[in-house]
Amino acid sequence: MQLLLIHSDYIEFEAKRPTKMAEEIDDQARKGRLEEALCAFIAVEKFDEDDPEAVISEGAKQISDLAEQVHADRIMLYPYAHLSPNLSTPATAVKILKGMQEALSRNYEVMRAPFGWYKAFTLSCKGHPLSELSRSIKLGEGEVVSEALKSEAKAVSYWKIMDLDGKMVDADKFDFTGHEKLKKFTNYEISKARAVDRVPPHVELMRRLEMVDYEPGSDPGNMRYYPKGRLVKSLLENLVLDKAAEMGAMEVETPIMYDMEHPTLKKYLDRFPARQYQIEADKKKLFLRFAACFGQFLMGHDMTISYKAMPLRMFEITRYSFRREQRGELVGIRRLRAFTMPDMHTLTRDMGQAMEEFRKQYEASIAVLKDVGLDLGDYEVAIRFTKDFYNENKQFIEGLVDIVQKPVLIEMWDDRFFYFVLKFEFNFVDTLDKASALSTVQIDVENAERYDIAYVDEAGEKQRPILLHCSPSGAIERVIYALLEKAAREAEQGKLPMLPTWLSPTQVRIIPVAERHQARALEVVKELGFRTDIDDRDETVSKKIRDAGREWVPYVVVIGDDEQASGQLTVTVRANSTPKSPAKAKMSVEDLRRQISSETAGKPWRRLPLPVRLSERPRFI
RNA sequence: GCCUCGGUAGCUCAGCUGGUCCAGAGCGAUUGACUUGUAAUCAAUAGGUCGCGUGUUCGAAUCACGCCCGGGGCUCCA
């Protein structure tokens, strides 16, 4: 609704001639005049049709607010189509106008000019600062609250713990001795309690290590990544990409924005509990993807697939997926509005193949997390399913628990509220006892139908596949969050925090003692390879060593007269050191090269994203 | 969206019962000295419309109101 509000000495109108859509009025209502009145010119718009009642109350409120301010006792409601290019139907407009008249009549003397007539009017504007105002009323900015978000509130969950023997115990009766993290995770999931007394440690770390930072020039939860952060992300992305390829996935790429009015997508939006970013281009309303599902399913819809191609896996690293998470949820990089999500979808022939594939992806996810540096002890397992699915597949579920060799949290629903019948997640529990999901796989029994995805079986018949959604690692940013939080926890326990060597931005730091050692230092950089840099700043050796420690550099090499003479290196190995006593070792360049090679074998590698000489580096924070 | 805390030098912050300890400290930067052997070398210099606006006052970084931006919390989390 568009409003043009004018505080007038008087307003006078006379209806001259009806248009096609004129409302019927008696002769008396064709003329009107109000003295000392607030005159509201009103255009009712297309999207007001969604919720006329709300528009009436909001419009009436805006008008009475201003009437209050300018001390007007009389209000003229004057339909004025020219305020908007996008008008509602006449019926809605009349309904809303009448509704506003009724609402305002309680406190004001209200007159309404007839709708749909050519009218002559005379208006005398008072001309004080508040005498001419316009207002646009848009309800909720056209926000879509998905059915899934609503049904989530209705879903009744049964919370259990499944032990290694396959027995399910109510979560509140389980003996959590020896499973403290599972207990914290369970509490977190059930009670949703999350009072926190401090900022999580990764927030300071991500900035101090010059990896990630807030970007005030963007929307909250959209971060900037400095070279070291970009490097770490890139390495993690490449690792997951490799693992997906190993699993037999085909990498694809799909658009990041989609048409809101696309019939299939529209329905899917309602099944996904997330808020979208919406943008408008030309006359189209678009939303930014919150996962790669749409793109891959739309692709799947157009594909010709034989049973021989099954299971068929498509993979994409979505940079970015967007979810407009609530403002207060965004802390550091634990939860973001723009995040990088490895997203794989698998088409399987039937539930049997789907379950087999589910188990494989479950095991693959464990392996991926292990590769990035997170062990089974670092996260807790949740398995969620419908009651029906459980009753038909008890042994299968028990098998999943058996694989991780520890009790897991179970959530069971009476009915299927969502598009899946079975899912698991691996949840990282941080030092503040907050849990966040990393890897996840879901068995989707709904979207093959919705997107009309089919394959042809041995008999030449079209069949609906069962779909799997899988993120083998979870969002890349969240993996970084988990690694930083894990390091922070270890630091609290008196260990030296660090990233795995293959992920460390600087793998080896060379510190020449004096200027005359720089030539040798540069030689070593060349011979060694890896991401090796050299601290050639005009600082003391002590200062340089301290700085290398603050950067979590795994291998620190000091080169002075002795090393220059002997050709041996003095290496401080961070992994073996403690805060009080550095672990120093004498080794040759070749020894060190071999050690790092074996430590980073099979992992992605990228070159140093910064100048080799520290003296040439900018500071980002 | 709501509650709450905050915005002072490139960074982290002190000052904030209004007036010469009010424009400061540490780090960083620059320059000079030192050429250094395992966790912060010494000295000098430069840097700020104290988020923006309005008001109160003889006088505002300091008080009031409004606005903008950010942190944390709530709501939410297939």
Measure the distance from [atom1] on [X] to [atom2] on [N] and round it to the nearest whole Å.
X	N	atom1	atom2	answer
A:Lys580	B:rA39	NZ	P	12 Å
A:Asp536	B:rU35	CG	P	19 Å
A:Arg207	B:rU12	CZ	C1'	9 Å
A:Glu204	B:rG72	CD	P	14 Å
A:Asp213	B:rG71	CG	P	10 Å
A:Lys434	B:rG72	NZ	C1'	9 Å
A:Glu325	B:rU75	CD	P	14 Å
A:Arg337	B:rG70	CZ	C1'	13 Å

Atom [atom1], compared across [N] and [M]: separation rounded to whole Å:
N	M	atom1	answer
B:rG73	B:rU56	C1'	34 Å
B:rU8	B:rG26	C1'	15 Å
B:rA40	B:rC68	C1'	39 Å
B:rA61	B:rG18	C1'	10 Å
B:rC22	B:rA9	C1'	15 Å
B:rA64	B:rG6	P	12 Å
B:rU30	B:rA46	P	16 Å
B:rA14	B:rG7	P	7 Å

_Using the ring pair (Phe, Tyr, Trp, His ring centres under 6.0 Å) definition, which of the options A:Phe418, A:Tyr390, A:Tyr158, A:Phe385 pairs with A:Trp413?_
A:Phe418
*Under the side-chain contact (heavy atoms from CB on, under 4.5 Å) rule, collect the residues that match up with A:Leu286, sequence neighbours excluded.*
A:Met257, A:Asp259, A:Ile279, A:Ala281, A:Lys284
Distances under 3.5 Å between nitrogen or oxygen atoms of protein and nucleotides 28-30 of chain B:
| unit_1 | atom_1 | unit_2 | atom_2 | d |
| --- | --- | --- | --- | --- |
| B:rG28 | OP1 | A:Lys543 | NZ | 2.8 |
| B:rG28 | O2' | A:Arg619 | NE | 3.4 |

Assign [X] to base, sugar-phosphate, or nothing according to its heavy-atom contacts below 4.0 angstrom with the strands shown.
X	result
A:Met341	base
A:Val558	base
A:Asp547	nothing

*Map A:Thr578 and A:Gly332 onto RNA chain B by nearest heavy atom, then report which one ends up closer to the 5' terminus.*
A:Thr578
*Taking for each residue the nucleotide of RNA chain B with the nearest heavy atom, is it A:Ala548 or A:Ala514 whose nucleotide lies nearer the 5' end?*
A:Ala514
Would you say the rings of [Y] and [X] are close, in the sense that their centroids are separated by under 6.0 Å?
X	Y	value
A:Phe339	A:Tyr320	no
A:Tyr451	A:His301	no
A:Phe185	A:Phe428	no

_So, does A:Tyr214 get its side chain near the phosphate of B:rG7, meaning an N or O under 4.0 Å from OP1 or OP2?_
no
*Taking only side-chain nitrogens and oxygens of A:Arg550, does any of them come within less than 4.0 Å of OP1 or OP2 of B:rA40?*
no
What's the closest nucleotide to the [X] side chain, out of [options]?
X	options	result
A:Ser542	B:rG37, B:rA40, B:rU12	B:rA40
A:Glu515	B:rU38, B:rG37, B:rU35	B:rU35
A:Thr572	B:rU38, B:rC11, B:rU36	B:rU38
A:Leu496	B:rG37, B:rA39, B:rC11	B:rA39
A:Thr570	B:rG37, B:rA39, B:rG72	B:rG37
A:Arg546	B:rC11, B:rG37, B:rA40	B:rA40

_Chi-angle category of B:rG18 [syn within 90° of 0, anti beyond]_ = anti
*Given the rule that a pair is Watson-Crick or G-U wobble with both distances under 3.5 Å, how would you write RNA chain B in dot-bracket, using | for pairs to a different strand?*
((((((((.[[[[.)...(....]]]].(((((.......))))).....[[[[[..)....]]]]])))))))....
*Let me know which of A:Val524, A:Ile534, A:Thr570 forms a side chain to side chain contact (heavy atoms under 4.5 Å, CB included) with A:Ile559.*
A:Val524
_Name of the residue among A:Met344, A:Gln296, A:His345 meeting side chain to side chain contact (heavy atoms under 4.5 Å, CB included) with A:Arg313_ = A:Met344
Any side-chain donor paired with an acceptor under 3.5 Å for [X] and [Y]?
X	Y	value
A:Thr506	A:Asp533	yes
A:Ser439	A:Glu425	no
A:Ser615	A:Asp536	yes

*May I ask you to decide whether A:Glu325 forms a salt bridge with A:Arg337, counting only side-chain N to carboxylate O separations under 4.0 Å?*
no
*Geometric class of the A:Phe297/A:His469 ring pair [parallel <30°, tilted 30-60°, perpendicular >60°]*: perpendicular
